[in-house]
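The structure under discussion appears below in the form of structure tokens.
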2 protein chains.
Amino acid sequence: MTKPETVSRSAAPKKRQRRKDARPAEIIEAGLAEFAEKGFAGARLADVAARAGVVKGTIYRYFDNKEALFQAAVMSRIVSTLDNVEELVDGYEGPTDELLKLVLKVIYEKIVASDARILLRIIIAEGARFPDIPANYYRDSISKGMALIDRIVQRGIEQGEFQDGPMTKAPPIILGPAIFAAVWKMTFEPVAPLDLDTFMEAHVDMALNGLLR
Amino acid sequence: MTKPETVSRSAAPKKRQRRKDARPAEIIEAGLAEFAEKGFAGARLADVAARAGVVKGTIYRYFDNKEALFQAAVMSRIVSTLDNVEELVDGYEGPTDELLKLVLKVIYEKIVASDARILLRIIIAEGARFPDIPANYYRDSISKGMALIDRIVQRGIEQGEFQDGPMTKAPPIILGPAIFAAVWKMTFEPVAPLDLDTFMEAHVDMALNGLLR
DNA sequence: ACTACTAATGACCTTTGGGTCATTAATATA
DNA sequence: TATATTAATGACCCAAAGGTCATTAGTAGT
């Protein structure tokens, strides 16, 4: 171009760019990061813009206001990650304890260890003021996980591998430790780190001890 | 809403009062409620003042700024609630499974079912920005609970009642479901209520199945 | 009852940050 | 190359909220 940089030594390629369809996703990504760090009220749109490589005004070309961006950002991350696992469960041949072990492993990978747990902080922190968020997360993720566990438990009982008891009446108890681990990771990790492998092994051990005949 | 009546018939005793030593506690209480509802950034000092029955300026007679009030409020609620339980454990005579059952019951009462769980939301929501908070909560509450559980488990093993295994190496797994229940209550309760009694029974059942020989 | 002290007030100041809009410049089309 | 379109900018507006302080009025001491 004919325009030489005013600062020749510094590599500062600050050219204005028009990328209509890439912007929304980039802004959402930036917003999610800021909201997770600072919360809804604490996040500044100027920071979101800076992180997305645009200017505050640009955000308003794509989102009506701060809350709209927040909702869009959070909702974009609330997805059904366990759909393929359902099929796995239905088509599984083999001992039910192995199946449970397998599914718990997937849940740890997809929910606890992934960056999806930053979503959990937002849900807990802002859920009371934005009730749609926990409602949708429950519908698309949590309840899926619960249903999965419940189906596995029922299968185990039907096949005579699992025993009936208090545990089989409360599916959350089997999933609970995983959520707990996610919460721990994002809260107490700096002061008391949690070894996920050890914890998960204990989790599986505990669940199976209570279920197996 | 506290509304200042323009109407004369209403009994509105709004006399200015001087209560030097009652104010800080009242302001802290009001602050805690606001911070729990709106988060640190979202809470307004004018609202805190109104809730405490004072005026915004009054807050600054007792606290340097918003953050100082926040810290004071949160720290005032981080207390050692399990100290007396330690003694109970040390002096307990009888089967270890009964002891574990007893202690879990106390933990549910003191941490999960009490209003202390509003503290948990603050810790999760603001912990990343105010690291002292999770650190202190861990030191005064969580680690106490863990130590308690660990001591009970050790006792069970020594007396030949419990078996060694993955679970005995990860005390958080035994406490985890309780924390999970607290998180659930403050997040998904409106969309999917959790029956604490049923859940706790399942919790105890699961823990003991994994521990007992 | 008078006075000194200071808790409490509320008007005021200042900064922050959400939101707006005229202007600029990148791209598509002719 | 010239022109139209509109994504992107950044200066600007303004309400909201943190924070200050001179004034007011309870209260204790005499």
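Since this is a predicted model, take the numbers as computed values, not measurements. Keep in mind that the numbers below use all heavy atoms, side chains included, and drop hydrogens, waters and symmetry copies. To find a chain, count down the sequence lines: A is the first, B the second, and so on, and within it residues start at 1.
- Evaluation of the ring pair (Phe, Tyr, Trp, His ring centres under 6.0 Å) rule for B:Y137 yields no partner, not counting sequence neighbours.
- For the ring pair (Phe, Tyr, Trp, His ring centres under 6.0 Å) test, residues two or more places apart in sequence or in another chain that qualify with B:Y108 are B:H203.
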Encode nucleotides 6-18 of chain C as B, S and - characters from 5' to 3', where the letter depends on protein heavy atoms closer than 4.0 Å: B to the base, S only to sugar-phosphate, - to neither.
BBBBB------SB
Atom pairs and distances, side-chain donor-acceptor, residues 168-179 of chain B, under 3.5 Å, sequence neighbours left out:
unit_1 : atom_1 : unit_2 : atom_2 : d
B:T168 : OG1    : B:D164 : OD1    : 2.6
B:T168 : OG1    : B:G165 : N      : 3.2
B:T168 : OG1    : B:G165 : O      : 2.8

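- Looking at residues two or more places apart in sequence or on another chain, you find a ring pair (Phe, Tyr, Trp, His ring centres under 6.0 Å) between A:F188 and A:W184.
- The list of salt bridge (charged side-chain N to carboxylate O under 4.0 Å, His left out) pairs with a residue in residues 170-179 of chain A, not counting sequence neighbours, is empty.
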Atom pairs and distances, donor-acceptor, side-chain atoms in residues 124-131 of chain A, under 3.5 Å, two or more places apart:
unit_1 : atom_1 : unit_2 : atom_2 : d
A:E126 : OE1    : A:R129 : NH1    : 3.3
A:E126 : OE1    : A:R129 : NH2    : 3.1
A:E126 : OE2    : A:F40  : N      : 2.8
A:R129 : NE     : B:E37  : O      : 3.1
A:R129 : NH1    : B:K38  : O      : 3.2
A:R129 : NH2    : A:A125 : O      : 3.3

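- Listed by chain and residue number, nothing satisfies the side chain to side chain donor-acceptor pair (under 3.5 Å) test with A:E86 (two or more places apart in sequence, or in another chain).
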With 3.5 Å as the limit, what N/O pairs link the protein to nucleotides 1-4 of chain C?
none

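- With a 4.5 Å cut-off on side-chain heavy atoms, A:I149 and A:L100 count as touching.
- Of the residues in residues 68-76 of chain B, none lies under 4.0 Å from DNA chain C by heavy-atom distance.
- Residues forming a side chain to side chain donor-acceptor pair (under 3.5 Å) with A:D83 (at least two apart in sequence, or on another chain): A:K144.
- Among pairs with a residue in residues 193-203 of chain B, none fulfils salt bridge (charged side-chain N to carboxylate O under 4.0 Å, His left out), at least two apart in sequence or across chains.
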